[in-house]
Amino acid sequence: IRLSLVGSEMCIRDRNGENVYLEQFVHFSKKETESDIFRIGNQRVNKISIGIDENIRDTKSKIEIAIANFKTPNEIKIKASGEKEKLNESLRDVVLSFFLALLLIFMLLSGQFESYLTSLVMLVTIPLIFIGTFPALLVSGKSLNISSFMGFILLMGVVVDNASLYFEYFHLFLKELKDPMKALFKATSTVLRPILMNNATTILGMLPIILAFSKGSEFQAPLGIVVVFGLLTSVLLSLFVIPILFYTIEINKRKKNVL
């Protein structure tokens, strides 16, 4: 059976070659419909695209409020996609990378120093990052996005490296001086300048990103803010917190050995 058009009418040609017109057993009607039909998971989907002239984050919030206030039948669902969906997927991947990097750093430290306790003490420097970054992001009007999480991942290795450097010098001077308190002050005074100089170069390198001198640098500004203020608070606080923790661990070890 073949379909063919004879004049302006559609017909079916049977085996004998005779034309059977569809209008004999089919009713035709014309109406307006979509030029393309989209389906996702065997469900029909209508897409509405809009152009955005303002900030994506502000537009996303307005769209979410409009969707929440819009009443639809139960069989109809409204979902925001496009840039918002891609942004959420990328953000989930970056958050997963953050925790994966945290796990890898802990495994590396545990293998190097052969002590879970020492590794955990060094990881204490990571929460100190958030003390400076969250207020800085809030004051500057920036949000937690892909760029800022990349800054967190970048900072994790830097601040843990500062703690491992202090740990090495603390135990080096502890073997020489035999007194934990003297070793604490000696190690702090020794590593203070290298740590400050190393982190100062990173902070100065991030200042142009924060100040947004070039076009498109607004997207990278949260990364610069996280790195600069995270380093400032982590370095300043870790100079007090990390020595105290290492000193406390060493004193407890000596007490156990005496007992």
Side-chain angles (χ1 to χ4, degrees), residues 31-103 123 125-159 203 206-234 237:
K31 65 177 182 178
E32 294 183 357
T33 182
E34 296 85 358
S35 58
D36 297 318
I37 298 177
F38 299 96
R39 294 184 183 274
I40 299 177
N42 294 327
Q43 293 183 348
R44 191 165 178 175
V45 177
N46 290 329
K47 293 184 178 181
I48 301 175
S49 301
I50 59 172
I52 299 176
D53 295 330
E54 56 183 18
N55 187 279
I56 295 179
R57 183 183 60 182
D58 298 336
T59 305
K60 180 181 68 174
S61 301
K62 294 178 181 178
I63 292 175
E64 290 176 348
I65 294 173
I67 292 176
N69 296 331
F70 191 76
K71 296 181 179 180
T72 59
N74 295 331
E75 63 272 12
I76 298 177
K77 296 181 180 179
I78 301 177
K79 180 182 178 182
S81 60
E83 293 296 331
K84 177 182 179 297
E85 189 175 13
K86 294 178 181 179
L87 184 62
N88 290 337
E89 291 177 358
S90 301
L91 191 58
R92 285 194 296 268
D93 293 339
V94 173
V95 172
L96 179 61
S97 301
F98 175 83
F99 288 104
L100 181 60
L102 184 64
L103 177 61
L123 291 181
T125 57
I126 295 178
L128 299 178
I129 297 172
F130 304 118
I131 297 176
T133 53
F134 287 146
L137 289 173
L138 182 63
V139 172
S140 60
K142 306 297 181 181
S143 63
L144 283 174
N145 51 28
I146 299 174
S147 180
S148 56
F149 270 102
M150 291 296 293
F152 286 126
I153 296 174
L154 173 65
L155 277 184
M156 290 170 63
V158 177
V159 297
I203 292 173
M206 287 292 172
L207 286 180
I209 298 179
I210 297 177
L211 299 176
F213 287 137
S214 59
K215 293 183 179 179
S217 57
E218 294 84 0
F219 175 77
Q220 298 177 344
L223 184 147
I225 293 173
V226 167
V227 172
V228 169
F229 290 94
L231 273 181
L232 286 174
T233 55
S234 179
L237 293 177

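Remember, predicted model here, so these are calculated numbers, not experimental data.
- Considering only residues two or more places apart in sequence or on other chains, Leu128 meets the side chain to side chain contact (heavy atoms under 4.5 Å, CB included) condition with Ile131, Ser234, Leu237, Ser238.
- The structure places CG of Leu232 at 4.0 Å from CD1 of Ile203, a figure rounded to the nearest 0.5 Å.
- We find the CG-CZ distance between Leu223 and Phe152 to be 10.0 Å, quoted to the nearest 0.5 Å.
- Val94 approaches Met150 most closely through the heavy-atom pair CG1-N, 4.3 Å.
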Assess the residue pair Phe99 and Val95 against the criterion (side chain to side chain contact (heavy atoms under 4.5 Å, CB included)); give the C-alpha distance rounded to whole Å, side-chain angles, the decisive distance to 0.1 Å, and a yes or no. CA-CA 7 Å; Phe99 288 104; Val95 172; 3.6 Å; yes
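- Distance check: Phe98 CZ to Ile126 CD1 gives 6.5 Å after rounding to the nearest 0.5 Å.
- Between the CZ atom of Phe130 and the CG atom of Leu137 there is a distance of 11.0 Å, given to the nearest 0.5 Å.
- Considering all non-hydrogen atoms of both residues, Ser140 and Ile225 come closest at OG-CD1, 3.4 Å.
- A pairwise comparison of heavy atoms in Gly224 and Met206 identifies CA-SD, 4.2 Å as the closest pair.
- The heavy-atom pair separating Ile153 from Ser97 by the smallest distance is CD1-CB, 4.0 Å.
- A pairwise comparison of heavy atoms in Met156 and Ile129 identifies N-CD1, 4.4 Å as the closest pair.
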